Asker: 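Structure incoming, see below.
Ligands are counted one by one from 1 in listed order, and the atoms in each one are counted from 1 as well. Bear in mind the structure is a predicted one, so any value in this text is a computation, not a measurement.
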Amino acid sequence: MKLKVFRYKKGEDSPHYDIFSLKEESGMTVLRALFQVQEQFDDSLAFQYSCRGAVCGICAMLINKVPRLACRTQVASLLKGEQKVALSPYPALEKKVEWDTSQEVLVEPLPHFPVIKDLIVDRDIFFKAYQFVEPVIKTESDPSQEHLMEPSYLPDLELYTNCILCGACYGACPVDGENKEYLGPAALAKLYRFHIDPRDEDNERLEKADIPNGWWACDFHGNCRRVCPKGVPPIMAIGQARVELMERKERSQDKK
Ligand code: SF4
Ligand code: FES
């Protein structure tokens with residue numbers, strides 16, 4: 001198999017692609033293929049990883065034009081044409097790159113982030129949005145005590161707590177590509193996760209993103225949900241938050 005890899009380093013006028021012929025191993029992931037390149041052909045190839053088990057999220061990149069985790073994407077299934085994901089288009093997907101899908105895997109950096117080197121991107125903008133939504137429980141009660149909740153809340157909460165902050169949804173969202181001020185799917189889903197947590201006592205959570213670049217900037221393309229490796233549905237959180245905010249606004253109008 002061949003790996004076609006995006007290459008760029010500071011100071012270069014424009015990026016280019018390198019193609020490496022690799023020995024396909026059984027169960028080989030895209031991350032393993034990148035290691036093979038580093039070990040056998042070019043130790044200057046830059047990419048990030050940590051857990052190698054779909055937990056840390058740092059290996060998210062654009063693989064065959066879909067944001068995915070390199071450590072859990074199998075080369076064999078890509079070459080067989082499996083794992084296709086239909087996405088609403090945006091410039092990074094439409095950028096013309098030729099590759100033979102039956103023999104090659106195309107690997108590019110996660111879109112919508114500045115490239116530092118090769119497949120490494122600067123995720124600052126993503127974590128600034130995350131910080132903005134204040135992702136911590138806020139409660140007046142004694143923090144040294146347990147905060148219990150009914151188990152019936154768990155299924156809804158778990159939908160959102162599964163997020164590993166990989167940024168795949170951010171790299172797949174056409175709105176994030178156009179508007180750097182948009183908070184993005186992951187931060188909004190996290191905000192909603194604290195809003196529905198029965199232990200949280202901040203009743204103004206939703207208002208935090210009741211701004212043009214918050215809930216209302218989403219165009220409901222749905223790419224976030226399609227690429228999320230953990231099945232988190234940010235689009236659902238955004239839709240529900242909008243409905244709740246509109247109902248609240250209608251109620252306060254009625255009272256006037
Ligand atoms: S919502 Fe899914 S795709 Fe987005 S950061 Fe979390 S785990 Fe990654
Ligand atoms: S290396 Fe941690 S999610 Fe891939």
Asker: Between K208 and F132, is NZ or CZ placed under 6.0 angstrom from the six-membered ring centre and within 45° of the ring axis?
Answerer: yes

Asker: Looking only at heavy atoms, which two atoms of V115 and F6 are closest? And how far apart?
Answerer: CG1-CE2, 4.2 Å

Asker: Strictly under 6.0 Å, is that where the ring centroids of H221 and Y90 end up?
Answerer: no

Asker: Taking non-hydrogen atoms within less than 4.0 Å of ligand 1, which protein residues qualify?
Answerer: F126, C163, I164, L165, C166, G167, A168, C169, A186, C228, P229, V232

Asker: Any side-chain to backbone donor/acceptor pair from R193 onto E158? Under 3.5 Å, distance only.
Answerer: no

Asker: I want to know whether Y49 and F35 have ring centres closer than 6.0 Å.
Answerer: yes

Asker: Say you draw a straight line from CG of L119 to CG of L34; how long is it, rounded to the nearest 0.5 Å?
Answerer: 6.0 Å

Asker: What residues, two or more places apart in sequence or in another chain, satisfy ring pair (Phe, Tyr, Trp, His ring centres under 6.0 Å) together with H195?
Answerer: Y192

Asker: Which residues pass the side chain to side chain donor-acceptor pair (under 3.5 Å) test with S77, sequence neighbours left out?
Answerer: Q83

Asker: Under 2.8 Å from atom 2 (Fe) of ligand 2, which protein N, O or S atoms do you find? Ignore water molecules.
Answerer: C51 SG, C56 SG

Asker: Can you confirm whether the side chains of T29 and Q74 place a donor and an acceptor under 3.5 Å from each other?
Answerer: no

